[in-house]
Asks: 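The structure that follows is given in the form of structure tokens.
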Amino acid sequence: MEKDFILEALKRQIEGADLSVKGEEIGRVVSVVDGIVYIEGLPNVMSSELVLIERSRGDNKKDATPALVLNLEEYAVGAVVLGDDTLIQEGDVVRRTEKVLSVPVGSQLLGRVVNSLGVPLDGKGSIKGENMQLSPIERSAPSVIDREPVSTPLNTGIKVIDATIPIGRGQRELIIGDRQIGKTALVVDIILNQLNEPKESRPICIYVAIGQKYSKVANIVKELEDRGALEHTIVVVAGAADPVPLWYIAPFAGCAMGEYFRDKGKDVVVIYDDLSKHAWAWRQISLLLRRPPGREAYPGDIFYLHSRLLERSAKLSKKMGGGSLTALPIVETQLGDISAYIPTNVISITDGQIYLETDLFFQGQRPAVNIGLSVSRVGSEAQTKAMKKVASRLKLELAQYQELAAFVQFSADLDEATRRKIERGAHLTELLRQDQYMVMPFEEQTCVLFAGISGLFDEIPIEKLRDFEVKFLDNLRDSHANILGEIRKTGDFSDKLQERVKQIVEEMVKSYDLKKAD
Ligand code: ATP
Ligand code: MG
């Protein structure tokens, strides 16, 4: 009798009550290990959503720690902590933000050094501004209809690249090689060379440093700043000591920052230095999330991850504003093994690769680009006419030289024609050497390489060639600026100009010999 009464009372209380969940969802941390938290009580949370963990430890309890939801499981969700996980403990309250992870984008970021979440690291104050907005780190790539073939060259200022492996704006070109053979030096030079481009069409550069020491990045930033190139550059850093989830986010954040400019019709170059470390980060996160490991213990979606990232680079059609985003991912190989998992993946996603070789580097052939193994599948479409005129002959001469050089190792006496071919090849190889920070605008490269392939330098002894090149360029800049100006303006290298350059070199060679005789 009494029991019925209680039951009736309870029934009356819940009558009319709305039992569907509304308002804020609150979850709780059930475990926290190695930067991975498992959270219960967030049934509607989305993958890639940012959640905030209200920590109960530490001094500043009000500051919630952000975490990124990656695993949606039956009773709990797994998330990576984007910050210090030692302050989080079981039972901490977790709130949804209902937003996917976003980073600030906008022109205020130019000249700044930020972390993967867009927080400034350079001590130059907070980044504010009217047109500052947030952009999700993951966005879908532009569709086929919105794209156009690449048509404008991205001048790198490096002779061997601009001539034999030209890159177009909107292309994806991989830079691959062992450790410490000038991969970073190459991309820093590419950023510096943009100073040779007219201001209105100068590409914006975004350098994403993943897992590198802060001291190394600081040196790069200083170099860029001293040379005036930081103004058109954003540096995104996930340092070696930062939590691995920040390494994972960094390239996506850099890409989102680039997309802002791309969608405004500008040209952007995004450098990912390097994607091997990015793959390690994703492997570590995935293993901690207990996702099944695949080849080399990388998770199965590592290919998808990198293709998703690189597919966002594009040359947009006129209707879409005509902007472009060029991607220059770097991959580190172990002992030149380009058939390892990550190298083959990224090779197959990109439109070509610049292969740096240890042997060349230590022989002093720097930049240590192996021309035979390097390729750019779309860039030659965008190469200027002037460069095309010299490039095809250069490639042929070098290919013949390499073949002959390998062959004549076994024979001492050579006929005159072969000897001359080998001499020419050696001269051209020497011409392709270039010191760090000595970037060269394409009109100057055209003149130098033209003189090289035309045999005008043949009389100069190889050890004097670099000195002669410097004098030749000084002469061109000081007394024949109109020739350089015309090549730059028309993008062509007419027969008339070729004849004039020939005369200039011939005269210089004559007087150079005289000087030597003194
Ligand atoms: P890591 O694997 O550590 O990232 P990396 O491949 O990026 O190395 P860098 O740090 O760019 O290599 O260069 C290694 C060294 O080679 C540096 O000391 C740099 O100054 C030197 N170097 C690179 N390019 C050239 C060059 N063209 N001429 C002379 N020295 C160079
Ligand atoms: Mg490097």
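Reckoned from all heavy atoms, side chains included, excluding hydrogens, waters and symmetry mates. Start at 1 and go down the list; that is how both ligands and their atoms are numbered.
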Asks: Check this for me - ligand 1, T184, N or O atoms closer than 3.5 angstrom, yes or no?
Replies: yes
Asks: Please list, in number order, the atoms of ligand 1 under 4.0 Å from a heavy atom of I181.
Replies: 5 (P), 6 (O), 12 (O)
Asks: Of all the atoms in ligand 1, which lie at a distance below 4.0 Å from a heavy atom belonging to R179?
Replies: 2 (O)
Asks: If you have a sec, work out which protein heavy atom is nearest atom 2 (O) of ligand 1 and how many Å separate them, to one decimal?
Replies: Q180 N, 2.9 Å
Asks: Considering only heavy atoms, does Q434 approach ligand 1 within less than 4.0 Å through its side chain, its backbone, both, or neither?
Replies: backbone
Asks: Look at ligand 1 and say whether K216 reaches it with a heavy atom at a distance under 4.0 Å.
Replies: yes
Asks: Just verifying a value: how many Å separate R283 CZ and I342 CD1, rounded to the nearest 0.5 Å?
Replies: 8.0 Å
Asks: What protein heavy atom sits nearest atom 6 (O) of ligand 1, and how far off is it?
Replies: K183 NZ, 2.8 Å
Asks: Show, in sequence, the C-alpha distance, side-chain angles and deciding distance for K277 and D274, and conclude whether the salt bridge (charged side-chain N to carboxylate O under 4.0 Å, His left out) test is met.
Replies: CA-CA 6 Å; K277 295 208 185 71; D274 62 66; 3.1 Å; yes
Asks: What protein heavy atom sits nearest atom 12 (O) of ligand 1, and how far away is it?
Replies: G182 N, 2.9 Å
Asks: Taking heavy atoms and a distance under 4.0 Å, where does Q365 meet ligand 1: side chain, backbone, both or neither?
Replies: neither
Asks: F361 to ligand 1: N or O pair under 3.5 Å?
Replies: no
Asks: Within the protein, is there a heavy atom lying under 4.0 Å from atom 17 (C) of ligand 1?
Replies: no
Asks: Atom CD1 of I175 and atom CG of D273: how far apart are they, to the nearest 0.5 Å?
Replies: 8.5 Å
Asks: Under a plain distance cut-off of 3.5 Å, with no hydrogens placed, do Q334 and D178 share a side-chain donor-acceptor pair?
Replies: no
Asks: Mark up the atoms of ligand 1 that fall under 4.0 Å of a heavy atom belonging to A185, in ascending order.
Replies: 11 (O), 23 (C), 24 (N)
Asks: Report yes if some heavy atom in the side chain of L432 is under 4.5 Å from a heavy atom in the side chain of L449; otherwise report no.
Replies: yes
Asks: Of all the heavy-atom pairs spanning T184 and Y207, show the shortest one and how long it is.
Replies: CG2-OH, 3.4 Å
Asks: Of the protein's non-hydrogen atoms, which lies at the shortest distance from atom 30 (N) of ligand 1, and what is that distance?
Replies: R366 NH1, 3.6 Å
Asks: Indicate whether the side chain of N219 and that of Y214 have a donor and an acceptor atom separated by less than 3.5 Å.
Replies: no
Asks: Using a 6.0 Å distance limit plus a 45 degree cone around the ring axis, check whether R424 lies over the aromatic ring of Y401.
Replies: no
Asks: Using distance alone, with no hydrogens and no angle criterion, decide if D189 and Q436 have a side-chain donor and acceptor under 3.5 Å apart.
Replies: no
Asks: Are there any protein N/O/S atoms under 2.8 Å from the Mg ion (ligand 2), and if so, which?
Replies: T184 OG1
Asks: Nearest to atom 20 (O) of ligand 1, what protein heavy atom do you find, and at what distance?
Replies: Q436 OE1, 2.6 Å
Asks: Tell me yes or no: between the side chains of N345 and Y304, is some donor less than 3.5 Å from an acceptor?
Replies: no
Asks: Side-chain contact, heavy-atom cut-off 4.5 Å: T152 with S324?
Replies: no
Asks: Cationic tip of R227 within the cone over Y437's six-membered ring, i.e. under 6.0 Å and within 45° of the normal?
Replies: yes
Asks: Side-chain donor-acceptor pair under 3.5 Å between E173 and Q171, yes or no?
Replies: yes
